[in-house]
Each structure stands twice: as structure tokens, then as C-alpha cells.
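Below, read A as the first sequence line, B as the second, and so on, with proteins coming before strands; counting in each chain starts at 1.
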Amino acid sequence: AQKITQTQPGMFVQEKEAVTLDCTYDTSDPSYGLFWYKQPSSGEMIFLIYQGSYDQQNATEGRYSLNFQKARKSANLVISASQLGDSAMYFCAMREWGRGGSNYKLTFGKGTLLTVNP
Amino acid sequence: DAGVTQSPTHLIKTRGQHVTLRCSPISGHKSVSWYQQVLGQGPQFIFQYYEKEERGRGNFPDRFSARQFPNYSSELNVNALLLGDSALYLCASSLGGASYEQYFGPGTRLTVT
């Protein structure tokens, strides 16, 4: 089974509007973290936001917020007030801590290509 | 402060050849991970090194190997290159331990012909 599922291959949004990018995950590890990365056409992965499985509040970082619904195993990224520079691939990823707490592996979804229209 | 650096930026190799990719982590970071990103896919985990020891290995053949040096820089080696090895190879560094953030470099784009 896919550990990270991003069901939207592409999304379009008008400049200044909000957009939600979907991510669902699958794990039996009680301790895990969820990440969102942005990858412009240049290729570099840019860290956006992080949510730990035990965090009580949804994570926010500027215009980015993570809608974390643990029971539904979803971790959607919300971008408010979209800008033209937000056009990029967006990846959801998960790190499972495991019993030893030393697993640094990130498992990525297939990504969503976001296009912001003027 | 300098971010994660990778060299070379681009590389073209022929099937059957060997390639070495290099990564320098952010100063103070002791953990380096390698990922392969094939066009149209998310990155796939290859290796993770912490304090010069291999801590994790993804589902890649033995043609892939890596090492970490005393200054925490790292090399990824791929032998007997196949056309399917064409990809963007990303290096990520982190403090290690309980730190969760991984910072990625710009990647090396490898083309195998």
C-alpha cells in the first residue's frame, strides 16, 4: 500500500485565492511526522511546514497551514493568498520514528503540480 | 551560512560506466541522506548516514553505495550505470538526533545514455 497518497496530479488557482493540496498517509507507527516540500522547476526541495503526530495544534508557517486530521490520516496543505511564485510541485512526505527513534527516512508522495494564474 | 551543496550540477554518462556524486552538508549537520527522483515521481530514499555510519538503506541494488567522511561530507557511487538510473539525485542534511528538519541541496541531474 502507498504510504503517502496525493490524489491531485495538478491544481489551478487564481492569484490571491486560497488553495488546498490533499495528502493522506498510512502508518501503524504512533510516532511520525508529516512534511510538505515545494519543488520549483530548478529542482531544489524547499521545506515548508511540519506536523508531528502528537502535536495538538495544526501547524502554521506564514501563508502555509497544515490541516491535520489524525483519525482520517490526512494532512492537507492550505496556501492562503496564492502568489505567482507559488507555482511549483508540492510534495507531502512522512517520517516514521519507529521504536529506536533513529529512522531519518522520508517517504514522499508523487506530488501535485500547482499553477497560479494571474 | 552556506546551504547543502552538491557537485556536479549536471552529468552525462554512458551505460556501464561508474559515477560519483558529492554532497557537503550544512555546517554542524552530522546526518546526510541521499534520494533518487525519477522524472514525474517523488524522491525515493537511497541511503542515510549519521556520524559516518550507515543508518538506513532503501530498496536499491548493490550497484549503489555511499560513504560519509570525517568532515560529514558524503559521496554516492553508482556502478554499471543503467538507463533507468537517469534521475535527479538529491542530498539532504540534518542535525540528526531528535531534529526532524532535513535541508535539501540543489541536486545532481544524471543522464545515462
Side-chain angles (χ1 to χ4, degrees), chain A residues 2-10 21 23-25 29 31-55 59 61 66 75 77 88-113, chain B residues 3-6 8-11 23 25-26 29-51 53-60 66 68 74 87-111:
Chain A
Q2 293 274 355
K3 289 221 171 195
I4 296 287
T5 302
Q6 294 181 254
T7 57
Q8 307 153 315
L21 306 183
C23 173
T24 58
Y25 60 92
D29 191 331
S31 182
Y32 56 90
L34 296 157
F35 303 75
W36 278 92
Y37 284 87
K38 172 184 178 181
Q39 188 177 43
S41 56
S42 60
E44 187 169 353
M45 300 287 282
I46 302 168
F47 168 76
L48 295 178
I49 197 166
Y50 167 82
Q51 179 87 41
S53 58
Y54 295 116
D55 294 343
E61 289 285 349
L66 201 151
L77 177 71
M89 281 293 288
Y90 287 80
F91 289 96
C92 179
M94 177 172 64
R95 174 182 165 184
E96 297 162 283
W97 260 251
R99 290 179 183 171
S102 61
N103 181 5
Y104 302 110
K105 166 187 172 182
L106 284 175
T107 302
F108 286 83
K110 293 186 176 182
T112 296
L113 180 61
Chain B
V4 179
T5 59
Q6 291 186 244
T9 306
H10 295 87
L11 201 53
C23 171
I26 292 171
H29 284 195
K30 299 179 179 180
S31 175
V32 169
S33 298
W34 287 95
Y35 293 82
Q36 180 197 64
Q37 186 178 19
V38 174
L39 194 62
Q41 301 290 321
Q44 296 282 319
F45 173 75
I46 310 175
F47 284 110
Q48 191 259 326
Y49 278 79
Y50 178 63
E51 288 279 19
E53 290 188 5
E54 182 184 303
R55 292 296 185 94
R57 172 185 284 254
N59 188 22
F60 280 80
Q68 188 176 33
S74 177
L88 180 67
Y89 288 85
L90 294 162
C91 172
S93 81
S94 66
L95 285 167
S99 172
Y100 58 80
E101 282 190 41
Q102 291 195 19
Y103 298 87
F104 283 82
T108 293
R109 194 166 295 279
L110 172 66
T111 303

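For A:Gln39, the part lying near chain B is the side chain, with the backbone staying farther off; criterion is any non-hydrogen pair under 4.5 Å. Contact annotation for B:Gln44: neither backbone nor side-chain heavy atoms come within less than 4.5 Å of a heavy atom of chain A. In this structure, no portion of B:Tyr103 lies under 4.5 Å from any heavy atom of chain A.
Listed options B:Arg109, B:Gln102, B:Gln41 were ranked by heavy-atom pairs under 4.5 angstrom with chain A; first place goes to B:Gln102. Counting heavy-atom pairs closer than 4.5 Å to chain B, the top residue among A:Gly43, A:Gly111, A:Ser42 is A:Gly43. Options A:Phe47, A:Tyr50, A:Tyr37 differ in how many heavy-atom pairs under 4.5 Å they form with chain B, and the most are formed by A:Tyr50. Residue with the most contacts toward chain A among B:Gly56, B:Pro43, B:Gly40: B:Pro43 (heavy-atom pairs, distance under 4.5 Å).
Partners of A:Lys38 under the salt bridge (charged side-chain N to carboxylate O under 4.0 Å, His left out) rule, at least two apart in sequence or in another chain, do not exist in this structure.
Within the 4.5 Å cutoff, side-chain heavy atoms of B:Gln48 are placed close to those of B:Arg55. Residues B:Pro106 and B:Thr9 are not in side-chain contact: their nearest non-hydrogen atoms beyond the backbone lie 4.5 Å or more apart. Looking at A:Phe91 and A:Leu106, their side chains never come closer than 4.5 Å, going by heavy atoms from C-beta outward.
Distance alone, capped at 3.5 Å, is enough to place a donor-acceptor pair between the B:Gln6 side chain and the B:Gly107 backbone.
Using bins of under 30°, 30° to 60° and over 60° for the plane-to-plane angle, the ring pair B:Phe45/B:Tyr35 lands in the perpendicular bin.
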